[in-house]
Amino acid sequence: YNPQEVYAAQQEFSDELLTQFSGKLSIKPQLVRNHNNNQWEVFIQDSASFISLLDDQGELLWTDSLGESITTKIYQVDFYKNRKLQYLFATDSLIHIVDRNGVEIDGYPKSIPDTQISELYLLDYDKSRNYRFLVADPTGNLSMLNKEGEILEGWNPLAINSEISNQVFHVRVRGKDRVFIGLKNGNIE
């Protein structure tokens, strides 16, 4: 790290800031954008299942008990299509969407009956923010939900019978949407 090489347009982080937490962090700190000022912030969870947001100076903006450990990637979404970003993630049993003040948005968290969530993928077919959430369980069953949390037809669940890798992507071919799913056994569904 060489602070002399940081461009003026980039946000600088100080390596002298220190933020103490009562427990160990249980997930890797995630850099997230503040939609108000476009600055980087840090979203974390500790071993007591508290989630927190830190500003670019390392100051704690909020903390809240989640009650479970986050098991998936954390995505930023513009759920209301108003240029304000929320945080999408899942625990073993629930899909959460939390606003930048730490409050669950209306209708969330959502559960998928009889499903242990091991992976969550965000899909936005045409960049319209009409999000789809692809949820995998440990055995490879897939459920796809619209952003309101309703399971889509044909995905209740779709049995793949193999563990999913982190390779999930969407393409549109001749007006039809296709989701390609990489499996840990090397196959693509």
Side-chain angles (χ1 to χ4, degrees), residues 19 21-36 39-55 59-125 127-152 155-158 163-166 168-170 179 181:
T19 304
F21 295 95
S22 57
K24 293 181 179 181
L25 299 184
S26 62
I27 64 170
K28 181 174 82 172
Q30 303 286 310
L31 284 178
V32 293
R33 280 278 182 204
N34 176 330
H35 62 257
N36 293 319
Q39 296 291 304
W40 287 110
E41 296 178 329
V42 180
F43 187 98
I44 61 161
Q45 184 177 39
D46 68 17
S47 58
S49 298
F50 280 88
I51 56 174
S52 303
L53 186 66
L54 305 171
D55 69 11
E59 295 294 321
L60 183 65
L61 298 174
W62 56 261
T63 189
D64 194 16
S65 177
L66 194 59
E68 292 184 275
S69 294
I70 295 172
T71 59
T72 66
K73 181 178 175 178
I74 298 167
Y75 298 93
Q76 283 192 274
V77 295
D78 182 0
F79 189 87
Y80 297 111
K81 301 180 183 183
N82 62 0
R83 297 187 184 144
K84 295 182 179 180
L85 299 173
Q86 300 82 36
Y87 311 109
L88 165 71
F89 55 87
T91 62
D92 280 342
S93 62
L94 296 169
I95 299 171
H96 296 267
I97 302 180
V98 176
D99 70 17
R100 80 167 312 283
N101 296 313
V103 178
E104 294 272 4
I105 68 168
D106 288 340
Y108 279 84
K110 295 277 187 189
S111 67
I112 302 172
D114 304 318
T115 300
Q116 178 187 354
I117 302 170
S118 62
E119 298 290 340
L120 172 70
Y121 303 96
L122 176 67
L123 300 171
D124 187 2
Y125 291 170
K127 307 295 184 222
S128 65
R129 293 171 281 182
N130 291 322
Y131 301 113
R132 300 289 187 257
F133 309 141
L134 183 64
V135 175
D137 73 11
T139 62
N141 290 318
L142 299 174
S143 297
M144 187 169 308
L145 296 80
N146 62 19
K147 74 181 202 177
E148 286 75 29
E150 300 160 340
I151 296 176
L152 300 179
W155 294 89
N156 190 19
L158 177 63
E163 283 188 82
I164 311 274
S165 74
N166 282 336
V168 173
F169 60 95
H170 163 267
V179 177
I181 302 160

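- Residues that satisfy the side-chain contact (heavy atoms from CB on, under 4.5 Å) test with Ile27, not counting sequence neighbours, are Gln45, Ile70, Ile74.
- Under the side-chain contact (heavy atoms from CB on, under 4.5 Å) criterion, Asn34 pairs with Asn36, Asn37, Glu41, Arg100, not counting sequence neighbours.
- Partners of Asn146 by side-chain hydrogen bond (donor to acceptor under 3.5 Å, both in side chains), not counting sequence neighbours, listed by chain and number: Glu150.
- Under the rule for a ring-ring contact (aromatic ring centres under 6.0 Å, His included), Tyr80 has no partner lying at least two apart in sequence or in another chain.
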Query - Pair Asp46-Ser52, side-chain contact (heavy atoms from CB on, under 4.5 Å): steps then yes or no - result: CA-CA 8 Å; Asp46 68 17; Ser52 303; 5.8 Å; no
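- Applying side-chain contact (heavy atoms from CB on, under 4.5 Å) to Ile117 and the options Val135, Thr91, Leu94, Asp92 leaves one that passes, Val135.
- Legend: residues meeting side-chain contact (heavy atoms from CB on, under 4.5 Å) with Ser143, ordered by chain and number and at least two apart, are Ile112, Leu145, Pro157.
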Report task. Report the C-alpha separation of Val32 and Leu53 in whole Å, then their side-chain angles, then the decisive distance to 0.1 Å, and conclude whether the side-chain contact (heavy atoms from CB on, under 4.5 Å) test is met. Result -> CA-CA 9 Å; Val32 293; Leu53 186 66; 3.8 Å; yes
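- Looking at residues two or more places apart in sequence or on another chain, you find no side-chain hydrogen bond (donor to acceptor under 3.5 Å, both in side chains) involving Ser65.
- With a 4.5 Å cut-off on side-chain heavy atoms, Leu134 and Trp155 count as touching.
- Residues Tyr125 and Met144 come closest through the heavy atom pair OH-SD, 3.4 Å.
- Using a 4.5 Å cut-off on side-chain heavy atoms (C-beta onward), Arg132 and Val179 make no contact.
- Considering only residues two or more places apart in sequence or on other chains, Ser93 meets the side-chain hydrogen bond (donor to acceptor under 3.5 Å, both in side chains) condition with Glu68.
- Across Pro138 and Ser118, no two heavy atoms sit closer than the pair N-OG, 3.5 Å.
- Asp64 is linked by a salt bridge (charged side-chain N to carboxylate O under 4.0 Å, His left out) to nothing, counting only residues two or more places apart in sequence or in another chain.
- Ring geometry, Tyr87 versus Trp62: the interplanar angle falls from 30° to 60°, so the pair is classed tilted.
- Listed by first and then second residue, the salt bridge (charged side-chain N to carboxylate O under 4.0 Å, His left out) pairs that reach into residues 73-82 are Asp78-Arg129, sequence neighbours excluded.
- In plain terms, the two heavy atoms of Asn130 and Asp124 that are nearest each other are N-OD1, 3.8 Å.
- Residues meeting the side-chain hydrogen bond (donor to acceptor under 3.5 Å, both in side chains) test with Thr139, sequence neighbours left out: Asp137, Asn141.
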Query raised in the report: Yes or no on side-chain contact (heavy atoms from CB on, under 4.5 Å) for Leu88 and Phe133, after CA distance, side-chain angles and deciding distance?
Result: CA-CA 10 Å; Leu88 165 71; Phe133 309 141; 3.6 Å; yes
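- The ring-ring contact (aromatic ring centres under 6.0 Å, His included) check on Phe89 picks up Phe43, His96, with sequence neighbours excluded.
- Lys28 meets the side-chain contact (heavy atoms from CB on, under 4.5 Å) test with Gln30; sequence neighbours excluded.
- Annotation for Asp106: atom CG does not count as buried by contact number, only 12 or fewer foreign heavy atoms lying within 6.0 Å.
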